[in-house]
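Some notes on the structure that comes next.
Order of listing sets the numbers, starting from 1, for every ligand and every atom in it.
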Amino acid sequence: MSTANGKGKSDANCQPKETEKKAAPSASASPSCLSACNADLADIIYAVDFAARKHKNQRRKDPEKTPYINHPIGVAHILIQEGGIEDGEVIQAAILHDTVEDTDTTFEELEEHFGKSVANIVREVTDNKLLSKEERKELQVKNASHKSLQAKLVKLADKIYNLRDLNRVLPEGWDENRRREYFNWAEKVCCQIYDANDHLAKCLQTLFSEFSGK
Ligand SMILES: Nc1nc2c(ncn2[C@@H]2O[C@H](COP(=O)(O)OP(=O)(O)O)[C@@H](OP(=O)(O)OP(=O)(O)O)[C@H]2O)c(=O)[nH]1
């Protein structure tokens, strides 16, 4: 299964396209392929169920107070639909990426339920909440290029989701200046890891250049 630079499906303006319906597996598909796909899908749905329970009392900061779980699901969707990513471990890690940072989940728990590889990807994209916000932001810039390919993919899709959300509506308590600061900082993180996926990189470059032209 591919992990990077898969076939992306975003348009030139970097807007997500309507999901293209996938053909159902044909009756002639080999049983081993079907069982591998089903295993991935079952693991992914299990991750969605796990993350939804963990984030059940959390909301996004938008005025509609969107359930928080929409964010990790959306990040996974960007990876699949626009990044062309088919690696089930990356998709599970995307769905779980905020569970340790923002809930009582531990890495041991993730390892027990989803295995070491998925837990390690989540570990790589988890900020240490014991540090100040400034330190955490600085560390993301400093460490981005040293991450694994799988972690870089989750990071790129996470930023795409948040930047699109910021284009859509300001979170409660934010002003234009804070939005600008987030875009500027996110660009410093992302520009170092564009090598992970051409389509996601292009998407981010468009978001940054459109924002700077505003
Ligand atoms: N754009 C947007 N962001 C929201 C919303 N609700 C929650 N967030 C989260 O807020 C964080 C960005 O706000 P910041 O001011 O940078 O960080 P803070 O959460 O520490 O205050 C992101 O989390 P993070 O895990 O810290 O991501 P990142 O900052 O590491 O990229 C993002 O997921 C929303 O409605 N819109």
Query - Neighbour count >12 (heavy atoms, 6.0 Å) for atom NZ, K56 - result: no
Query raised in the report: Under a 4.0 Å heavy-atom cut-off, what residues line ligand 1?
Result: R60, K61, D62, Y68, D98, E101, K133, R136, K137, Q140, K159, N162, D165, L166, P171, W174, R178, Y182, W185
Salt-bridge test for [X] and [Y]: reply yes if a basic N is under 4.0 Å from a carboxylate O, no otherwise.
{"X": "R178", "Y": "E181", "value": "no"}
{"X": "D102", "Y": "K54", "value": "no"}
{"X": "D49", "Y": "R53", "value": "yes"}

Query raised in the report: Taking the six-membered ring for Trp, are Y161 and H71 parallel (under 30°), tilted (30 to 60°) or perpendicular (over 60°)?
Result: perpendicular
Query raised in the report: Can you tell me if H77 uses its side chain to pair, donor with acceptor, with the backbone of G74 under 3.5 Å?
Result: no
